[in-house]
Amino acid sequence: QVQLVQSGGGSVQVGGSLTLSCTASKAINRGNMMCMGWFRQAPGKGREGLSALYTDSGNIYYVRSVEGRFTVSRDNDDYTLHLQMNNLNPEDTAMYYCAAGHCNRGWEVSESYDYWGQGTQVTVSK
């Protein structure tokens, strides 16, 4: 059963923008969603934490490589998360995943998350 459903992504040229969205199923216990995050994985590389939003406080964190270019937001229902990506470059090419969990090991650690989206490909070409 898919509990985090992703949409968006695709191909864009250098400097372009894309938006990813992630909606959490109502089947997920909201108490298990202390934070929602975005990760990416490029071919031959490990999964990298990009950003996370803590659902109670609304605090948002970014990894340095995307800070200032990527923006996380959420809808009023609190459990639809968006990732606006601007000024994309070829190094941003990867499979992108949203995730939800307790974040008890740190938002940037994949083991902190219990639920994962299906992934969506982002490709940036020159």
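Computation of the quantities below employed the complete heavy-atom set of this structure, encompassing side-chain atoms and omitting hydrogens, waters and symmetry-equivalent molecules.
Looking at residues two or more places apart in sequence or on another chain, you find a side chain to side chain contact (heavy atoms under 4.5 Å, CB included) between Asn32 and Asn29, His102, Tyr115. For Ser21, the side chain to side chain donor-acceptor pair (under 3.5 Å) partners at least two apart in sequence or on another chain are His82. A search for side chain to side chain contact (heavy atoms under 4.5 Å, CB included) contacts involving Asn87 returns Arg69, not counting sequence neighbours. Scored by the side chain to side chain donor-acceptor pair (under 3.5 Å) test, Thr71 finds no partners at all (sequence neighbours excluded). By the side chain to side chain donor-acceptor pair (under 3.5 Å) test, Gln13 is found to be paired with no residue, residues two or more places apart in sequence or in another chain being considered. Remark: Tyr96 engages no residue in a ring-ring contact (aromatic ring centres under 6.0 Å, His included) (not counting sequence neighbours). Residues that satisfy the side chain to side chain donor-acceptor pair (under 3.5 Å) test with Thr123, not counting sequence neighbours, are Gln121.
Taken from CG in Leu53 to OG in Ser73, the straight-line distance is 9.0 Å, to the nearest 0.5 Å. Atom CG of Leu83 and atom SG of Cys98 lie 10.0 Å apart (nearest 0.5 Å). In this structure, CG in Leu4 is found 10.5 Å from CG in Asp114, a value given to the nearest 0.5 Å. Note: Cys22 SG to Leu81 CG = 6.0 Å, rounded to the nearest 0.5 Å.
For residues 19-42, the ring-ring contact (aromatic ring centres under 6.0 Å, His included) pairs, not counting sequence neighbours, are Phe39-Tyr113, Phe39-Trp116. Residues in residues 26-70 take part in these disulfide (SG to SG under 2.5 Å) pairs, two or more places apart or across chains: Cys35-Cys103. Identified under the salt bridge (charged side-chain N to carboxylate O under 4.0 Å, His left out) test for residues 32-50, with sequence neighbours left out: Arg40-Glu48, Arg40-Asp92. Within the structure, salt bridge (charged side-chain N to carboxylate O under 4.0 Å, His left out) contacts touching residues 50-67 (residues at least two apart or in different chains) do not occur. Among residue pairs with one or both ends in residues 100-113, none qualify as salt bridge (charged side-chain N to carboxylate O under 4.0 Å, His left out); sequence neighbours excluded.
When the side chains of ILVMFWY residues are joined at heavy-atom separations under 4.5 Å, either directly or via intervening members, Tyr97 and Met34 end up in two distinct hydrophobic clusters. In the hydrophobic cluster analysis, where Ile, Leu, Val, Met, Phe, Trp and Tyr join through side-chain heavy atoms closer than 4.5 angstrom, Trp107 is grouped together with Ile60. Taken together through direct or relayed side-chain contacts under 4.5 Å among Ile, Leu, Val, Met, Phe, Trp and Tyr, Phe70 and Tyr61 form part of one hydrophobic cluster. Linking ILVMFWY side-chain heavy atoms closer than 4.5 Å, directly or via other members, places Val72 and Val109 in two distinct hydrophobic clusters.
Across Ser112 and Gly106, no two heavy atoms sit closer than the pair OG-O, 2.8 Å. Across every non-hydrogen atom of Arg30 and Ala24, the tightest pair is NH2-O, 3.7 Å. Between Met36 and Ala100, the shortest heavy-atom distance links the atoms CG-CB, 4.2 Å. Scanning all heavy atoms of the two residues, the minimum distance from Met33 to Thr55 falls at O-OG1, 2.8 Å. Of all non-hydrogen atoms in Gly49 and Val63, the two that sit nearest each other are O-CB, 3.5 Å. The shortest non-hydrogen separation linking Val122 to Gly9 is CG2-CA, 4.2 Å.
No donor-acceptor pair under 3.5 Å is formed between the side chain of Thr80 and the backbone N or O of Thr23.
Using modelled atom types, one finds no donor on one side chain facing an acceptor on the other under 3.5 Å when comparing Gln6 with Thr120.
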